[in-house]
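Below, all heavy atoms of this structure are taken into account, side chains as well, without hydrogens, waters or symmetry copies. Just so we're clear, the structure is a prediction, and the values are computed from it rather than from any experiment. Note that ligands are numbered from 1 as they come in the structure, with each ligand's atoms numbered from 1 the same way.
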Amino acid sequence: MKRKRFFLNEDERITQWYNIVADMKTKPQQMLNPQTKKPVTIDDLSKIFATECSRQELDTQNAWIDIPEEVLDMYSTYRSTPLIRAYGLEKALDTPAHIYFKNESVNPLGSHKINSALAQCYYCKKEGVTNVTTETGAGQWGMALAYAAKSFGLEAAVYQVKISYNQKPYRRILMQTFGAQVIASPSMSTRAGKNILTRDPNHNGSLGTAISEAIELASSTPERCKYTLGSVMNHVSLHQTIIGLETEKQMEMAEEYPDMVIACFGGGSNFGGIAFPFMRHNILEGKNTAFIAAEPASCPKITKGEFRYDFGDEAEMTPLIPMFTLGHEFKPANIHAGGLRYHGAGAIVSELAKEGLLSGVDIPQTESFSAGMLFASSEGIIPAPESCHAIAATIREAKRCKEEGKKKVLLFCLTGHGLMDATAYEQYINGDLIDYNM
Ligand SMILES: *Cc1c(COP(=O)(O)O)cnc(C)c1O
C-alpha cells in the first residue's frame, strides 16, 4: 500500500523555532520609529507588544529559539500536523510530479494562525499582562487569539471590522464562545472610533479602523494590556517555522526533498513558516529549492509592489517597515480570501525577495476556486479560499511538469479549511465570482 500520511513521533517533536535572519548574509533593513525616524528599539516595541515578542522581532543573532514548555504543551494537542502525499490530486492532473501538502487545517481553530497566537498569549501571561487585544477581518486570527487567550487565562478584546461582524456572524459567535469580547469597529469605546463615527455614523469599518482601536486600547493601559498581530511581523513568522521544521523531518520519512515550496501569501507568516527551514539549506549549503509566494492578482505586492519603507497598517500605527508594498492606503478588491487582502510583505520576506531567494505568482480569484474545487474532489478536504491560491500555483507547476516530462517534488502549505466559507464556494459554483486585477 502507498504511504500517504507522515506523522512525527513524540521523541521527534520540534522544540525550537528557526530564526532565518541569523543566517542571512544581508540582514533586512531596520524598522524605523515613524516619529524619530530612528531604528525601533525593544523598548519602543514593548510599549504595545509583549517584551519577549519585541526581543524576537529584532533578534538578528540567534538562529534557534527555544519554544517554551507551556507552548509545547499546547502544541501537543494538535501537533505534529500531517504531511500528506496528494496521490488523488496527482492522479486527477495525470502529472509525473510528486505533490505533498502540510495540513495546517487540522486543529481546533482550522488555520495555522493558532501557532503564533499561543506563543504570543503565553509571553503576555508570563510578563504579568492580563488582557490582550487585536483586530480581525473575517475572523481567523481573532478566533485563534480568542482561544489562545482563554487557554492562558487572559481576557481578549477583538475589534472586528463592522461589515464582517454583521455579514459573517459565525466566526464572531465562535470567538464569543471562547469568551472573547468582540466589538464591531468603528465603535464608541475608543477615541479613534468616536472620531470616525462622528464624521461618518454609517462607516462600515476596515482593518485600519480596527487596528487603531486595538492599539489605542493597548497603549492606554500598557502594563495590563498588549496588542497582538497575526501576520507581517518577524516574530509571527518565527513562531510559524514549526510548520516547516516538522515538514523537513516528515519529508525525510518520505525519502524526498522538495524542488519547490509553495505557500499562499497575505503578510507572509505561513510562507515564512514553511519556507524558511528549507531556505536555510539554500543559504548555507547551496541547495536549489525554488520558493513561490502565491498572491491574489488583486493584491500583488511581491510581483507588482515597490520596495520601500511603509506602514504595516492603514492607520499608520506600526513602525515603518522596509517592505514590498502597494502602499498602506491601498484598498484591495473584496475577494473571498480575506487573509490575503494585505498591502505589503514582512521585512524578512521582502529582503529575501530582493535577493531573489523567492518569487511571486499572481492567481486570479476564479482560478483559485477552480483549484480548490479540484483539490476538494480529489483529496476530500475543502480548502480555505486563501489556501486555494497555493493549490492553484501548485497545479500550474504540476501541469508544467507534465508538459516537460519532469518528476519534480512539489510541497505546499494547506493553511486552513474552508468549511466556514461555503457561501464563497456557492458563488463560484453559480458562476457569480469575478476576477479583479490591480
Ligand atoms: C491569515 C491567513 C492566511 C494569510 O496569512 P499569512 O500571514 O500570509 O500566512 C492564509 N491562510 C489562512 C487560512 C489564513 O487565515
Side-chain angles (χ1 to χ4, degrees), residues 81 101-117 120 134-147 160-161 164 168 171 174-175 207 228-244 261-276 291-296 299-302 305 312-313 321 323-324 332 335-350 352-353 358 360 363 368 371-372 375 381-393 412-421 424:
T81 61
F101 65 93
K102 178 69 164 165
N103 190 351
E104 288 296 311
S105 78
V106 283
N107 68 63
L109 291 309
S111 88
H112 69 292
K113 291 210 167 68
I114 187 65
N115 298 329
S116 183
Q120 294 186 50
T134 197
E135 76 284 342
T136 198
Q140 281 111 321
W141 169 244
M143 235 174 88
L145 186 79
Y147 172 70
Q160 184 171 25
V161 178
S164 306
K168 298 187 174 170
R171 286 206 182 87
L174 296 179
M175 287 186 263
L207 279 178
T228 60
L229 256 182
S231 185
V232 195
M233 304 301 284
N234 300 341
H235 65 272
V236 182
S237 302
L238 172 76
H239 304 151
Q240 296 295 355
T241 58
I242 183 107
I243 302 174
V261 178
I262 299 163
C264 66
F265 200 100
S269 77
N270 92 87
F271 177 87
I274 193 158
F276 293 169
F291 297 91
I292 312 286
E295 46 183 20
C299 194
K301 51 253 164 189
I302 303 272
D313 67 307
I321 303 174
M323 55 171 21
F324 275 94
I335 54 168
H336 284 285
L340 306 186
R341 294 177 71 235
Y342 184 73
H343 68 272
I348 302 174
V349 259
S350 290
L352 293 165
L358 62 97
I363 308 286
S368 75
F375 182 78
I381 301 170
I382 313 286
E386 290 86 357
S387 315
C388 289
H389 290 72
I391 299 170
F412 75 88
C413 185
L414 184 79
T415 49
H417 67 66
L419 295 175
M420 265 183 276
D421 303 279

First locate atom CZ of Phe375, then atom OG of Ser368, and finally report the distance between them rounded to the nearest 0.5 Å. 14.0 Å
Under 3.5 Å, is there a donor-acceptor pair linking the side chains of Glu104 and Asn115? yes
Using distance alone, determine whether Gly267 and ligand 1 share an N or O pair under 3.5 Å. yes
Relative to the heavy atoms of Ser231, which atoms of ligand 1 are at a distance of less than 4.0 Å? 6 (P), 7 (O)
Value rounded to 0.5 Å, distance of CG in Leu109 from CE in Met175: 11.0 Å
Taking the six-membered ring for Trp, are Phe412 and Phe101 parallel (under 30°), tilted (30 to 60°) or perpendicular (over 60°)? parallel
Close-contact set for ligand 1 against Gln140 heavy atoms, below 4.0 Å: 13 (C), 15 (O)
Taking it one step at a time, do Lys168 and Asp421 satisfy salt bridge (charged side-chain N to carboxylate O under 4.0 Å, His left out)? CA-CA 10 Å; Lys168 298 187 174 170; Asp421 303 279; 5.8 Å; no
Are any of the N/O atoms in His112 less than 3.5 Å from those in ligand 1? yes
Among His389, Lys113, Arg341, whose heavy atom sits nearest atom 1 (C) of ligand 1? Lys113
Taking atom CG of Leu414 and atom SG of Cys388, what is their separation to the nearest 0.5 Å? 8.5 Å
Protein heavy-atom partner closest to atom 4 (C) of ligand 1 - residue, atom, separation in Å: Gly339 O, 3.4 Å
Hey, does Gly416 come in under 3.5 Å of ligand 1, counting only N/O atoms on both sides? no
Please round to the nearest 0.5 Å and tell me the distance separating atom CZ of Phe265 and atom SG of Cys299. 10.5 Å
For ligand 1, is there an N or O atom under 3.5 Å from any N or O atom of Phe265? no
Heavy atom of the protein closest to atom 8 (O) of ligand 1 (residue, atom name, distance): Gly266 N, 2.7 Å
May I ask you to check whether Ser387 has an N/O atom sitting below 3.5 Å from an N/O atom of ligand 1? no
What atoms of ligand 1 come within less than 4.0 Å of a heavy atom belonging to Gly268? 6 (P), 7 (O), 8 (O)
For Ser116 and His239, test the side chains for any donor-to-acceptor distance below 3.5 angstrom and give the result as yes or no. yes
Considering only non-hydrogen protein atoms, determine which one is nearest to atom 13 (C) of ligand 1 and report residue, atom name and distance to 0.1 Å. Thr415 OG1, 3.4 Å
